Amino acid sequence: MLSRARAAWTWFRAFRRTRPFWGGVWLVAGGWTVLKFSLSSLQLIVSTGFGGIAGYLVGGGMILCGLIPMALPAQRYTFGLIGAVLAVVSLVVSNLGGFLLGMALGVLGGSMTVGWGAKRPRRGAVAG
C-alpha cells in the first residue's frame, strides 16, 4: 500500500513539474468562481438572453483554458492569454467577475500559465 502511494506521488510530482500546473489550477479556480456566482434559474437565463448565458460561457471558457495547457503544455501561451482575457471580460459580464475574486484568480492563473517554463536539468546532473 505504501509503495503504491509513493509511486502515485512520484507520478504526480513528475506531472506537476512538466506542465503549467499551478497556473492551470488558479485559472480553473477562477473560472469555477465566476461560474458559481453566475448561477441562476433556467427561466431567468432564458428570459435575459445572451446577458444571462455570458457568465456561463466565460466561466466555462476559463476552466477550459486552465485544463488544456495541463494536457498540452506547448499551448500554454495561447490558452494562458485567452484565459486572462476571459477573466478580465468576466468583470463586465458576470457579477463583477465573481465579485472580483474569480477575475483575480483568473488573471493570476493566466499569467502563471504564460510565464511557465519547463524545468531545466541541474548543472551537475548533465554528464559532459
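Model, not experiment: these values are computed from the prediction.
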Visitor: Atom CG in Leu86, atom CD1 in Ile63: separation rounded to 0.5 Å?
Guide: 11.5 Å
Visitor: Under the ring-ring contact (aromatic ring centres under 6.0 Å, His included) rule, what pairs show up with a residue in residues 69-98, not counting sequence neighbours?
Guide: none
Visitor: Begin from the C-alpha positions of Met70 and Val25 and carry the test side chain to side chain contact (heavy atoms under 4.5 Å, CB included) through to its verdict.
Guide: CA-CA 9 Å; Met70 284 194 230; Val25 166; 4.3 Å; yes
Visitor: Work out which heavy atom in Ser94 is nearest to a heavy atom in Gly55; give both atom names and the distance.
Guide: CB-CA, 4.0 Å
Visitor: State which residues pass ring pair (Phe, Tyr, Trp, His ring centres under 6.0 Å) with Phe99; sequence neighbours excluded, sorted by chain then number.
Guide: Phe37
Visitor: Any side-chain heavy-atom pair from Pro69 and Gln75 closer than 4.5 angstrom?
Guide: no
Visitor: For Trp11, which residues count as a side-chain contact (heavy atoms from CB on, under 4.5 Å) partner, sequence neighbours excluded?
Guide: Phe15
Visitor: I need the Leu81 CG to Ser111 OG distance, nearest 0.5 Å.
Guide: 10.0 Å
Visitor: Tell me who clusters with Trp116, hydrophobic residues only, linked when side chains sit under 4.5 Å apart either directly or through other members.
Guide: none
Visitor: Looking at residues at least two apart in the chain, or sitting in another chain, which of them share a side-chain contact (heavy atoms from CB on, under 4.5 Å) with Leu101?
Guide: Thr33, Leu105
Visitor: Shared ILVMFWY cluster between Val28 and Leu35, side chains joined below 4.5 angstrom?
Guide: yes
Visitor: Calculate, to the nearest 0.5 Å, the distance between atoms CE and CE belonging to Met62 and Met103 respectively.
Guide: 9.5 Å
Visitor: Could you measure the distance from the CD1 atom of Ile68 to the CG atom of Leu27? Nearest 0.5 Å is fine.
Guide: 10.5 Å
Visitor: Evaluate the criterion side chain to side chain contact (heavy atoms under 4.5 Å, CB included) for residue pair Phe12 and Phe21; output intermediate values, then yes/no.
Guide: CA-CA 10 Å; Phe12 177 69; Phe21 179 76; 3.6 Å; yes
Visitor: For Val89, give me all partners under side-chain contact (heavy atoms from CB on, under 4.5 Å), at least two apart in sequence or on another chain.
Guide: Val58, Val85, Val93
Visitor: Would a hydrophobic clustering, with Ile, Leu, Val, Met, Phe, Trp and Tyr connected at side-chain separations under 4.5 Å, put Val107 with Leu100?
Guide: yes
Visitor: Under the rule for side-chain contact (heavy atoms from CB on, under 4.5 Å), what residues qualify as partners of Thr18, not counting sequence neighbours?
Guide: none
Visitor: Tell me the side-chain hydrogen bond (donor to acceptor under 3.5 Å, both in side chains) pairs involving residues 81-92, sequence neighbours left out?
Guide: none
